[in-house]
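Values reported hereafter were calculated over all heavy atoms of this structure, with side chains retained and with hydrogens, waters and symmetry mates removed. Throughout, numbering of the chain's residues begins at 1 and tracks the sequence.
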Amino acid sequence: MSTAQDRMFSIDDPSVPDVLGPENLPPSFFTFSPGEYWAEPRDSYWLEFSNWVLTQERGHGDRVQALGEWADRTLSGSNQALPDNESYLRIGFATESEYGDLAQFDPEVRFRLEVPTVEEKLKLVIESESDELIPLSERRRNRQLTEDERSETEATGAFRYLTTVGDAINLSNDFGVRLRLPPDAFWRAKAEKEWQPGEDWKLGVEQRVYYFHQDGWGTRSWFGAGRDLGNGWNTLLSSEAEWVHDERKFELSQTANFYKRINNRSTINPRVGVLGESKPGWRTTSVFADVTYRYRLHSDWLFAEVIPALEFPRDESFKDQASLVLRIEMFFSGSIERPY
């Protein structure tokens, strides 16, 4: 037995650097010649630009988050900031082509400073635009539009008080002003509820009422029903009605959204929708369809979108209007829920 034990031997496994060394890998492994592995990197405009973008996000993302945390501590009187405030700065560049008419890239900027205070019942919310003053037809087609096609609503600042009714209905009341001269005071309230009547469907309702001193009051009702279609696809069918006070009419929308996450970097979102109004009579004003392909270029803050769209507006006798939007977006924030 001792002789047998003396004859035992072991085989040393090759080290990882030896196995994965450039000289030991087959040529088919490389997208370049193996000899170029040791070559010095060549400077390029794209490399310099990408490094600059990465540096901006790493520096300014923390600053945006720190601003929210500082305001949180100041208003709440606490030494600790609440986690996961939803402050963000979104910067983008988009261009739209209509039947071969390619426009230049236009900058887009959106921001939100959301500051939770004591027990998260009261928040200070500063936003770059007021959703209530954006026409319904524009909100439904928001991703199809570039900055020069959107309505000017000015930034707003408001205190938001959050409450609940029972365990299901969430209520919020905002009191604030549009940040312009002269300032425009406003009040808005929102109630929302979600529930699941069965294994397949999820339902949600939302009711808004708002009053702007210079634009009057309005109300908006939204209902949505969604379910899993299988094979990674989900759908959301939604209906919305909004009362436009200054025009004394209702605006209506009916949309069908389909969504699929293709992989950990890309998603696809086809939609079809119908828009309408109640004045001079109940009628359709537009029919549209679009497909949003969204690709995560880097980490969770740099994205690209390609959006082919087709619209049939009443103003053009329902003649087809095709467009293609290309967009790049950057998010600067420490910890947020993405507003898309």
Sequence-distant partners of [X], side chain to side chain contact (heavy atoms under 4.5 Å, CB included), two or more places apart:
X	answer
A185	V177
Y295	R265, S266, Y293, L297
E129	R110, I134, T153
I169	V165, L171, A191, K193

key: I328 side chain reached by L302 side chain, heavy atoms, under 4.5 Å   =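 A side-chain contact under 4.5 Å exists here.
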
Review point. So T219 and Q207, side chain to side chain donor-acceptor pair (under 3.5 Å) or not? Walk me through it.
Key: CA-CA 8 Å; T219 180; Q207 180 65 49; 2.7 Å; yes

Salt bridge (Lys or Arg N to Asp or Glu O under 4.0 Å) with [X]: which residues, sequence neighbours excluded?
X	result
R283	E277
E154	R178, R180
D290	R271

Starting at [atom1] of [X], measure out to [atom2] of [Y] and round the result to the nearest 0.5 Å.
X	Y	atom1	atom2	value
T285	L136	OG1	CG	8.5 Å
S317	K319	OG	NZ	9.5 Å
L324	L310	CG	CG	12.0 Å
D320	E311	CG	CD	10.5 Å
S286	E316	OG	CD	10.5 Å
D174	R188	CG	CZ	4.5 Å

- Message: I'd like to know if E247 pairs up with K279 as an ion pair, taking the criterion as any Lys NZ or Arg NE/NH1/NH2 lying under 4.0 Å from an Asp or Glu carboxylate oxygen.
- Response: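 Answer for the salt bridge query: no.
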
Quiz item: Going by an N to O cut-off under 4.0 Å, is there a salt bridge joining E329 and R294?
Solution: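 Answer for the salt bridge query: yes.
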
Is there a chain of hydrophobic side chains (I, L, V, M, F, W, Y, each step under 4.5 Å between heavy atoms) that links [X] to [Y]?
X	Y	value
V209	Y211	yes
Y161	W187	no
F223	L275	no
W222	V205	no

Donor-acceptor pairs under 3.5 Å, side chain of residues 225-236 to any protein atom, not counting sequence neighbours: which ones?
residue	atom	partner	partner atom	Å
D228	OD1	G230	N	2.8
T235	OG1	N257	O	3.0

Other than V325, which residues form its hydrophobic cluster under the rule that side-chain heavy atoms must be closer than 4.5 Å?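 I307, which link up through side-chain heavy atoms under 4.5 Å apart, make up the rest of the cluster.
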
Take atom [atom1] of [X] as the centre, draw a 6.0 Å sphere, and report whether it contains more than 12 heavy atoms from other residues, nucleotides or ligands.
X	atom1	answer
Q196	CD	yes
K202	NZ	no
E199	CD	no

What residue pairs, at least two apart or across chains, pass salt bridge (Lys or Arg N to Asp or Glu O under 4.0 Å) with a residue in residues 235-244?
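As it turns out, the salt bridge (Lys or Arg N to Asp or Glu O under 4.0 Å) pairs with a partner in residues 235-244, which skip direct neighbours, are R139-E240, R139-E242, R140-E240, R220-E240.
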
Checking side chain to side chain donor-acceptor pair (under 3.5 Å) for the pair E251/S137: CA distance, chi angles, key distance, verdict? CA-CA 8 Å; E251 291 185 348; S137 59; 5.2 Å; no

Report the residues that fulfil ring pair (Phe, Tyr, Trp, His ring centres under 6.0 Å) with F250, sequence neighbours left out, ordered by chain and then residue number.
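Result, ring pair (Phe, Tyr, Trp, His ring centres under 6.0 Å) vs F250: W243.
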
Restricting to ring pair (Phe, Tyr, Trp, His ring centres under 6.0 Å), what partner residues turn up for F212, sequence neighbours left out?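 Residues passing ring pair (Phe, Tyr, Trp, His ring centres under 6.0 Å) with F212: F186.
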
* Hey, does the side chain of R248 reach the backbone of H245 with a donor-acceptor pair shorter than 3.5 angstrom? ->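 Checking the backbone N and O of H245 against the side chain of R248, a donor-acceptor pair under 3.5 Å is found.
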
Handout entry: Nearest heavy-atom neighbours spanning Q321 and P313
Key =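 Looks like CG-CD, 3.8 Å.
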
